[in-house]
There are 2 protein chains.
Amino acid sequence: MSREKLLEVAERLFAEKGYTGTTIREITREAKCNIASVNYHFGSKKNLYLTVFKERFLPRARLIRETFYKLLKKEKEKTPETVIRAFAKAFFLGPIPREERIISHRLVAREMNQPSEAFNLILKELFEPFFHEIINILSKFFPEKEKLRLAVLSIHAQVLYFNFNRLAVEHFCKRKFDEKFLNEVIEHIVKFSLEGIKGIQKNGMEN
Amino acid sequence: MSREKLLEVAERLFAEKGYTGTTIREITREAKCNIASVNYHFGSKKNLYLTVFKERFLPRARLIRETFYKLLKKEKEKTPETVIRAFAKAFFLGPIPREERIISHRLVAREMNQPSEAFNLILKELFEPFFHEIINILSKFFPEKEKLRLAVLSIHAQVLYFNFNRLAVEHFCKRKFDEKFLNEVIEHIVKFSLEGIKGIQKNGMEN
DNA sequence: GTCTATAGCAGGATAGAC
DNA sequence: GTCTATCCTGCTATAGAC
């Protein structure tokens, strides 16, 4: 069906080139649809953009959350380390192809930089429930919720950065972003963040 | 002079709306210049964009680096903590107005997401020298350079995130991004990252 | 250096045939 | 649901007067 094809192509192009950088002409050309099909199916370019978030971005975000729960269930005991590892891994590994994953992070980064209507969707349907869940789990180990919130944002910052900024990471580390390096990056984020969380909770007591 | 005014307005608009989202018409209107002035002074919109990086972004980046050195010089003894604090603070405080600072981070985030010719400038004239400098200083305390590189990227990820993603941070932490919160965020990044670096170096020995 | 006028083109959107 | 043709607007860029 051309509607699905349009959403697929549009998502990729919006992620790569942004909203204004992408044209209906380009989307329909790559989707091998007629130029009028966007307006027929979605009414406007703007509504196509929003539909991309509702029908492609959010379902994928739900998959990432499910991956987190699955990874966590596999663990016999839930230590801070296994929780953080599951959180970090969910953003990098799982059933979603790598290309789609990068698309998601690009879209998020774009919306953070220049929020549109879609930003509220991301906030309410992804960040809020997911981050609060993580905080609830981790607050058993780290009681200071305010500091825990900042720590979760620090983890998310890293996940986002290592995903959407691969070019600079590769250049700076002089490494190809292959399977091996990806696993090293995940382990880096896990260890770095685990000690980080312990640190801010420890230091917090002194204040 | 209208050339400077054009650069100033163009930088702000490019940061807010991106390259394709910003029009010459809008730039000249806000700069109170004639619509033909962009092509007179810069030859093309694209060259205006590049000039923004050369004449506004990079000088500010140099100021940030200088701030780092000044902050570091003030310290009696250079511990990992004082180095990391100087590094983090340089991105948030100093002689540059907050609005300009956010503009810089937005431009960087845009170029990371969708690199143009300007990305090489950022890489070669900002990231490479600055990050290598930090690594050289920190490698006296933490000898494992590979892990240190990833740690520096983790710090940069946080600095970028808390700067260009203020909307989500405010929403999630239920705090206004005022002076007080800013200082808490800086201290959070410092402590989180300090323990993080210690952690990955410690764990690295076991492998 | 600044301005007006305009070329030349690409953009989103729509009407109406099939 | 798909297509062509077309409208209208807005874009970058330039020529040429001042």
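Chain letters run A, B, ... following the sequence lines, proteins first, then strands; residues in each count from 1.
Between the NZ atom of B:Lys5 and the P atom of C:dG1 there is a distance of 18 Å, given to the nearest Å. B:Ile27 has its CD1 atom 11 Å from the P atom of D:dC11, to the nearest Å.
Taking the six-membered ring for Trp and thresholds of 30 and 60 degrees, A:Phe172 and B:His132 have ring planes inclined between 30 and 60 degrees apart.
Here the side chain of B:Thr22 pairs a donor or acceptor atom with the backbone of B:Leu13 at under 3.5 angstrom.
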Under the ring pair (Phe, Tyr, Trp, His ring centres under 6.0 Å) rule, what do B:Phe91 and B:Phe130 come out as? Steps first, then yes or no, please.
CA-CA 12 Å; B:Phe91 285 100; B:Phe130 199 10; 5.8 Å; yes
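Ring centroid separation for the pair B:His171 and A:Phe127 does not come in under the 6.0 Å cut-off.
Of all the heavy atoms in B:Asn39 and B:Ser44, the pair that sits closest is ND2-CA, 4.3 Å.
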With sugar-phosphate taken as primed atoms, P, OP1 and OP2 and all else as base, the protein-contact string of nucleotides 3-18 of chain C at under 4.0 Å (heavy atoms; B, S, -) is BB------BBSB----
